[in-house]
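Scroll down for the structure; my scribbles are underneath it.
We name chains A, B, ... by the order of the sequence lines, and we start the count at 1 in each one.
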Amino acid sequence: MLKRLIASRETLLIAAILLLLALIASRFPAFIAPSNLAHVFNDTSPLILLAIGQMIVILTRCIDLSVAANLALTGMVVSMVNVAAPGLPIVVILAIAIGLGTLLGMFNGLLVWKLQIPPIVVTLGTMTIFRGIIFLISDGKWVNSHEMSPAFKAFPRAELLGLPVLSWIAILAVILFTIVMTRTTLGRAFYAAGGNPHAATYAGIDVGKTQFWAFTISGALAGLTGYLWVSRFAVSYVDIAGGFELDVVAACVIGGVSIMGGVGTVGGALLGALFLGIIKNALPVVDISPFWQLAISGGAIIIAVALNAQANRKKGRIILKRAEQTS
Amino acid sequence: MSTADRMIPDRLRSPMEQRLKSWETLLLLVAIGIFVANSFASPYFLNAWNLSDATFNFTEKAMIAFAMALLIISGEIDLSVASIIALASTAMGAAVQMGVGTPGLVLIGLGVGLLCGAFNGVLVTRMGLPSIVVTIGTMSLFRGISYIVLGDQAFRGYPESFSWFGQGYVWWVISFELVLFAIIAVIYAMLLHKTNFGRAVYAIGNNATGAMFSGIRVQRVKFILFLLTGLMSGVAAICLTARLGSTRPSIAMGWELEVVTMVVLGGVSILGGSGTILGVVIAAFVMGLVTFGLGLLNVPGIVMSIVIGALLIGVIALPRLWSMWRAR
């Protein structure tokens, strides 16, 4: 048990994160003050939410490149709804955000499930389509802070037991999806469909339908994050969260989610997102120009994947070793 | 594509279905349709100079798309191509500040491209890492280095002779880039369809393990393919930098997805094993015509992305919907 715990991916990541924090703290102790760590967590919460959805999609051997565009579209729609009807209660706004995100995710899922179009093609297409639609509905204009109603902006920042609501939503999502992934048949189906689709089919799991649900969940989380994002930053425009889909995939990969499907945990996605979030927040503190951020996160991704592959390499028979590598 | 679908050989399908299924035919029809629609939509469309300008929309991306097509046919992908452009362009910009002349700049552009391709290739083939993740990583890394070097600055001051690569005309309205595009298309078509190397690429995409046991050096072929996408990104970097006359770290942002879109629209299966260069050539023209035509109609660039995205999904979905409808 102890041996398994030490060897596990999550323990390794926690160790890496603690090391990273220790390094930063050695020069800037203020960084690890609880209030600052809470700020870092809050700042990383949108990434955590999206990474959970992306993890489930990648588990089923798919990829969702449309999450950031889904986030941006949903965010624009709810902020425009807010401008049109400022009195609308937050519950309705949340319902619209999650509902719209879910629908967009379902659209991806249906194309993958019913038409069997490769997921990377589907989401590449919907990514550009969603971004284009944002421009169409907004006419390229921004929705600025002063146009949004105070209640709309206040929700993710409202403090509950010392943490903003945004953080609480991320924590709730982590708990909820940990339960879903480890305790429900749907959770098991995600692992089975990605781990070995043929075996899953024989075990009575509809692989296509499972992938459909993975996209639906990813879409719902992206929609929810869309509202949280625009209300937190109090601005909404076409290019919001541009390129964020790759951060999300990166968080999953760093968190040990195998791009080949079937391997990954909610905890891993959480830690991967935190790792990226800490780097992002630490750079300005340790006085490194933000221009280094891309290169550092790119390096981190490559190192993480390399380590991951080393850990997963099975000691096969010599004759099959090369064959394993090629396939 | 499901395995069951692959089991039916094409010769057992009806001739009509074969012709309908031919991606190139379908794409060609789409291209002609857009061309006709364009000429009705705007009186300025049918003008030699305008049409020539339209080619700049796709030639640079298409040069990379040819190499990318081979890579995708072999079952891998390179998402770092746009970042390689940024890095190669940054290196050329830095060289200009040191007074390097045009031949030196071209060598530096190609060299950086090759180096980046080799880096991707080593990570994928030597360490056995999945290419989609590796190149998401190097995509950030390469562009990150450009940001580190440039910050929010721009490199300018390219020599007069250098700009010819992006703005020069070989004959009347035929630009240098268009000629280069045609030459590269022919080279890649020969390489993929007429050589043992091309056959090896298909074999690897269909069954890498089988290809290995039939004597194909899978990892070496894949390494060469990564070198090629790197090299073509270097070529594109030279043309684009010469055309813009300046280097910014955000140069060619988002191109990787447009290049992949072009390849997939061209009928190359993203799962590997099938596709043709002709398809990619037609897809390049389709995308170029769409963006140019909509541009004449003053449609903003971002709205064009709806059309491109819908084309990408539609062109793949329609034949499937059609066969589903037929099977009922």
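Here Leu257(B) is the residue among Leu265(B), Leu257(B), Val307(B), Val260(B) with the most heavy-atom pairs under 4.5 Å with chain A. Listed options Ala250(A), Ala304(A), Ala295(A), Ser289(A) were ranked by heavy-atom pairs under 4.5 angstrom with chain B; first place goes to Ala295(A). Heavy-atom pairs under 4.5 Å with chain B were tallied for Ile259(A), Leu65(A), Ile296(A); the largest tally goes to Ile259(A). Highest contact tally toward chain A, considering only Ile148(B), Ile77(B), Val149(B), is held by Ile148(B) [criterion: heavy-atom pairs under 4.5 Å]. With chain A as the partner, the residue from Gly137(B), Ala317(B), Gly254(B) showing the most heavy-atom pairs under 4.5 Å is Gly137(B).
With values rounded to the nearest 0.5 angstrom, Met139(B) atom CE is found 4.5 Å from Leu246(A) atom CG. In this structure, the separation between CD1 on Ile270(B) and CG on Leu124(A) is 7.5 Å, given to the nearest 0.5 Å. To the nearest 0.5 Å, atoms CG (Leu79(B)) and CD1 (Ile120(A)) are separated by 6.0 Å. One finds the CG atom of Leu294(A) at 8.0 Å from the OG atom of Ser83(B) (value rounded to the nearest 0.5 Å).
For Phe223(B), the side chain to side chain contact (heavy atoms under 4.5 Å, CB included) partners at least two apart in sequence or on another chain are Ala118(B), Val122(B), Thr125(B), Leu227(B).
A pairwise comparison of heavy atoms in Leu129(B) and Ala306(A) identifies CD2-CA, 3.9 Å as the closest pair. Nearest heavy-atom pair, Gly299(A) versus Leu141(B), reported as atom, atom and distance to 0.1 Å: N-CD1, 4.0 Å. Minimum heavy-atom separation, Ser140(B) to Gly298(A): CB-CA, 3.6 Å.
Within 6.0 Å of the CZ atom in Arg217(B), the count of heavy atoms belonging to other residues, nucleotides or ligands does not exceed 12. Enclosure of atom CZ in Phe107(A) is not indicated, since only 12 or fewer non-hydrogen atoms of other residues, nucleotides or ligands lie within 6.0 angstrom.
Here the side chains of Val134(B) and Ile302(A) are not in contact, with every heavy-atom distance at 4.5 Å or above. No side-chain heavy atom of Ile136(B) sits less than 4.5 Å from a side-chain heavy atom of Val253(A). Using a 4.5 Å heavy-atom threshold, the side chains of Glu258(B) and Thr128(A) count as separate. Using a 4.5 Å heavy-atom cutoff, the side chains of Ile132(B) and Ile63(A) are in contact. For the pair Met324(B) and Leu115(A), the minimum side-chain heavy-atom distance is below 4.5 Å. At least one side-chain heavy atom of Phe291(A) sits under 4.5 Å from a side-chain heavy atom of Asp152(B). Within the 4.5 Å cutoff, the side chain of Thr138(B) has no heavy atoms near those of the Ile301(A) side chain.
The part of Leu111(A) that comes within reach of chain B is its side chain, from C-beta onward, which places non-hydrogen atoms under 4.5 angstrom from that chain. In this structure, the portion of Pro300(B) lying under 4.5 Å from any heavy atom of chain A is its side chain and not its backbone. In this structure, chain A has a heavy atom under 4.5 Å from the side chain of Val264(B), while its backbone stays farther away.
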| query | Stepwise, does the side chain to side chain contact (heavy atoms under 4.5 Å, CB included) test hold for Thr126(A) with Ile313(B)? | reply | CA-CA 8 Å; Thr126(A) 50; Ile313(B) 294 178; 3.9 Å; yes

